[in-house]
Colleague: 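Please read through the structure below; I'll follow up with questions.
Only heavy atoms go into these numbers, but all of them, side chains included; no hydrogens, no water, no symmetry mates. The chains referred to below are lettered A, B, ... by the order of the sequence lines, with proteins before strands, and numbering in each begins at 1.
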Number of protein chains: 2
Amino acid sequence: MASKETEIINTLQTGGYRFTKQRQAVLEVISQNRENHLSTGEIFGEVKKKYPQIGLATVYRTVQLFEKIGLVQHISLDDGRMRYQMADPEEKHEHHHLICEICGEVIDVQEDMLEHLEQHVFLKKGFTVTNHRLTVFGICKNCSNH
Amino acid sequence: MASKETEIINTLQTGGYRFTKQRQAVLEVISQNRENHLSTGEIFGEVKKKYPQIGLATVYRTVQLFEKIGLVQHISLDDGRMRYQMADPEEKHEHHHLICEICGEVIDVQEDMLEHLEQHVFLKKGFTVTNHRLTVFGICKNCSNH
DNA sequence: TCGGTAATGAAAATCAATTTCATTTACTTT
DNA sequence: AAAGTAAATGAAATTGATTTTCATTACCGA
Ligand SMILES: [Mn+2]
Ligand SMILES: [Mn+2]
Ligand SMILES: [Zn+2]
Ligand SMILES: [Zn+2]
């Protein structure tokens, strides 16, 4: 199998896109922050450390392109800015998020667990599911134990 | 049991809030558009028809207050503006949304169907769920039949 | 190498949402 | 009912993330 980066380059080229230094730099930052959910501005800040001449608009365009080709997924924490994280290459749907209402921690949940719901909306409403976005609010383990 | 509006007035007063003409007007618009998901700007436009002197900031403040006390819930269609709709008074969690990727229709789903998932994240991660927000993307019945 | 297209960066523009602040309104206490 | 107090409002200014514009540069195939 091809290396991960080769795969990405292929995906890009298939869509008529190029794998530029800027895109590589943005990908590196997001990839090296798999556990985080960086805002576009934060990604911009990180990328500039290695690639100071990059423009903010390029970062915006890049994360949107990456999302279009399924490389990253976004979440909104309702603070007015988009956040991006690597998508799960083998999963067909986005992963879920648990958000602690006390400490604000964001926890990833890879298990889908919506198969029954998907079936239900298909049978009941004739709706064919292609993706879903689930955010769960509550209290994390840490905050539960004070 | 008290009338719906009386209940609302009580809920507001319990929190130290007042039931003003402006809040009543905003509530009316949202209530009369239960099937829709109006953006704040759209709510503002509707309210102005009956109450032309209302200010945009008041509408923003009002929908946020209504959401805080559980009267309405918001959804984001990723078009950059918040949309608001009456919440389900008897349900403890927000209802779900199906969004057709072809025609853009937004379909409400009242059934929760996340009990198993809630249990799972509690057992597996120690996370106590208080609410959740689920958006499902796909093809609606109409668009499936061409 | 040449020509065409994609991509970039800097700056300006957009636009939903928020803040400020002077004024009004509603509720409580005399 | 009048006064006192805090909440609420509206108009305007501001914020801040995102988008657009446009001139320039990088890349790719012929
Ligand atoms: Mn995540
Ligand atoms: Mn809805
Ligand atoms: Zn926590
Ligand atoms: Zn449709």
Colleague: Atom CZ of A:Phe44 and atom P of C:dG9: how far apart are they, to the nearest Å?
Modeller: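 Rounding to the nearest Å, CZ of A:Phe44 and P of C:dG9 are 9 Å apart.
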Colleague: What's the CG-C1' distance between A:Leu65 and D:dT18, to the nearest Å?
Modeller: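 It is 17 Å, rounded to the nearest whole Å.
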Colleague: Using a 4.0 Å heavy-atom cut-off, does B:Thr40 contact any base of the nucleic acid, only the sugar-phosphate backbone, or nothing at all?
Modeller: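 Sugar-phosphate, no base atom in range.
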Colleague: Quick one: label B:Tyr51 by what it contacts on the DNA or RNA (base, sugar-phosphate, nothing), any heavy atom closer than 4.0 Å.
Modeller: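 Sugar-phosphate contact only - B:Tyr51 comes under 4.0 Å of backbone atoms but never of a base.
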Colleague: Compare every heavy atom of B:Ile8 with every heavy atom of B:Phe19, then report the nearest pair and how far apart it is.
Modeller: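 The answer is CE1-CG2, 4.4 Å.
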Colleague: Please determine, for the side chain of B:Gln22, which listed nucleotide (D:dG10, D:dA17, C:dA16) has the closest atom?
Modeller: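 Selected nucleotide (nearest to the side chain): D:dG10.
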Colleague: Check the distance between D:dA17's C1' and A:Ile43's CD1 and give it to me in whole angstrom.
Modeller: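 About 14 Å, once rounded to whole Å.
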Colleague: B:Arg18 has a side chain; which of C:dA10, C:dA26, D:dT18 sits nearest to it?
Modeller: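 The listed nucleotide nearest to B:Arg18's side chain is C:dA26.
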Colleague: Round to a whole Å and report the spacing from CG of A:Asp79 to C1' of C:dA16.
Modeller: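 The answer, rounded to whole Å, is 14 Å.
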Colleague: At under 4.0 Å, does any side-chain N or O of B:Thr20 touch on OP1 or OP2 of D:dA8?
Modeller: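 No.
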Colleague: Can we call the ring centroids of B:His37 and B:His74 under 6.0 Å apart?
Modeller: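 Centroid separation for B:His37 and B:His74: 6.0 Å or greater.
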Colleague: Fit a plane to each ring of A:His96 and A:His132, take the angle between them on a 0 to 90° scale, and name the class: parallel (under 30°), tilted (30 to 60°) or perpendicular (over 60°).
Modeller: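 It falls in the tilted class, 30° to 60°.
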Colleague: What is the distance, rounded to the nearest whole Å, between atom CD1 of A:Ile9 and atom C1' of D:dC28?
Modeller: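 Value for this atom pair: 15 Å.
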Colleague: Which nucleotide sits closest to the side chain of A:Arg23: C:dA17, C:dA7, D:dA8?
Modeller: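 Nucleotide nearest to A:Arg23's side chain: C:dA7.
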Colleague: For C:dA17, take OP1 and OP2 only and decide whether either is under 4.0 Å from a side-chain N or O of B:Gln64.
Modeller: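 The answer is no; no side-chain N or O of B:Gln64 sits under 4.0 Å from OP1 or OP2.
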Colleague: Quickly work out the A:Ile54 CD1 to D:dA26 P distance and round it to whole Å.
Modeller: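 Between P of D:dA26 and CD1 of A:Ile54: 14 Å.
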Colleague: Output yes when at least one side-chain N/O atom of B:Tyr60 is less than 4.0 Å from OP1 or OP2 of C:dT18, else no.
Modeller: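 It does not, given that no N or O in the side chain of B:Tyr60 lies less than 4.0 Å from OP1 or OP2 of C:dT18.
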Colleague: Want to settle it: does B:Ala57 or B:Phe19 sit nearer the 5' end of DNA chain D, counting the closest nucleotide to each?
Modeller: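 This one resolves to B:Phe19.
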Colleague: Consider the side chain of A:Leu56, meaning its heavy atoms from C-beta on, and name the nucleotide among D:dT9, D:dT18, D:dT19 that approaches it most closely.
Modeller: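 Nearest listed nucleotide: D:dT18.
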Colleague: Nearest whole Å is fine: how far is C:dC15 C1' from B:Arg81 CZ?
Modeller: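 Computing the B:Arg81:CZ to C:dC15:C1' distance gives 10 Å.
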Colleague: OP1 or OP2 of D:dC27 sitting under 4.0 Å from any side-chain N/O of A:Lys21?
Modeller: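 A:Lys21 to D:dC27 OP1/OP2: side-chain N or O found under 4.0 Å.
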Colleague: Quick check: on DNA chain C, is the nucleotide nearest B:Gly41 upstream (toward 5') of the one nearest B:Gln13, or the reverse? Name the residue that is more 5'.
Modeller: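 Its nearest nucleotide lies further toward 5', so the answer is B:Gly41.
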Colleague: Consider the side chain of B:Arg61, meaning its heavy atoms from C-beta on, and name the nucleotide among C:dT8, D:dG10, D:dT19 that approaches it most closely.
Modeller: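 Selected nucleotide (nearest to the side chain): D:dG10.
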Colleague: List the atom of B:Asn33, the atom of B:Val29, and the distance in Å for their closest heavy-atom pair.
Modeller: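 Nearest heavy atoms, B:Asn33 then B:Val29: ND2-O, 2.7 Å.
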Colleague: If the test is side chain to side chain contact (heavy atoms under 4.5 Å, CB included), which one of A:Asn142, A:Val109, A:Ile107, A:Ile139 qualifies with B:Phe127?
Modeller: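 Between B:Phe127 and the candidates, side chain to side chain contact (heavy atoms under 4.5 Å, CB included) is satisfied uniquely by A:Ile107.
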Colleague: Check the distance between C:dT23's P and B:Gln53's CD and give it to me in whole angstrom.
Modeller: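 That distance rounds to 19 Å.
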Colleague: Looking at B:Lys50 and B:Glu28, is any side-chain nitrogen of the basic one under 4.0 Å from a carboxylate oxygen of the acidic one?
Modeller: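 Judged by the 4.0 Å cut-off on N to carboxylate O distance, B:Glu28 and B:Lys50 do not form a salt bridge.
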